[in-house]
Amino acid sequence: MLCRLGQLAEDLPEVAELDLNPVLVGPDGVAVVDAKLRLAPVGAEPHRTLRQLRAAR
């Protein structure tokens, strides 16, 4: 799931924020119960090499 989310960020720079809560992990795989997505025009967000993880608000 983490690799796919990383690929999503690379493929779609319009994705400014993605909140997945909760994420359920079990022996049969992963399930996301709720997701919130915020889009922003390309250029409104920092360059992708400057992105960094930040604490949840």
Side-chain angles (χ1 to χ4, degrees):
M1 183 173 133
L2 291 177
C3 289
R4 287 185 178 192
L5 288 173
Q7 189 63 53
L8 175 76
E10 287 292 317
D11 293 344
L12 300 171
E14 300 88 355
V15 176
E17 292 182 35
L18 179 60
D19 180 21
L20 307 174
N21 188 20
V23 176
L24 304 176
V25 180
D28 296 324
V30 177
V32 175
V33 177
D34 185 37
K36 293 180 185 177
L37 176 71
R38 184 176 70 84
L39 301 175
V42 175
E45 294 293 319
H47 188 274
R48 68 178 181 221
T49 59
L50 298 176
R51 290 182 182 182
Q52 53 185 303
L53 295 175
R54 53 185 175 183
R57 298 179 208 162

Undergrad: Hey, what else clusters with Leu2 if you join Ile, Leu, Val, Met, Phe, Trp, Tyr whenever side-chain heavy atoms sit under 4.5 Å?
TA: none
Undergrad: Can you name the side chain to side chain donor-acceptor pair (under 3.5 Å) partners of Asp28, sequence neighbours left out?
TA: none
Undergrad: For the residue pair Leu18 and Leu37, establish whether any side-chain heavy-atom pair is separated by less than 4.5 Å.
TA: yes
Undergrad: Could you pull out all residues at least two apart from Val30 that satisfy side-chain contact (heavy atoms from CB on, under 4.5 Å)?
TA: Met1, Val23, Val25
Undergrad: What's the spacing between Lys36 NZ and Asn21 CG if we round to 0.5 Å?
TA: 8.5 Å
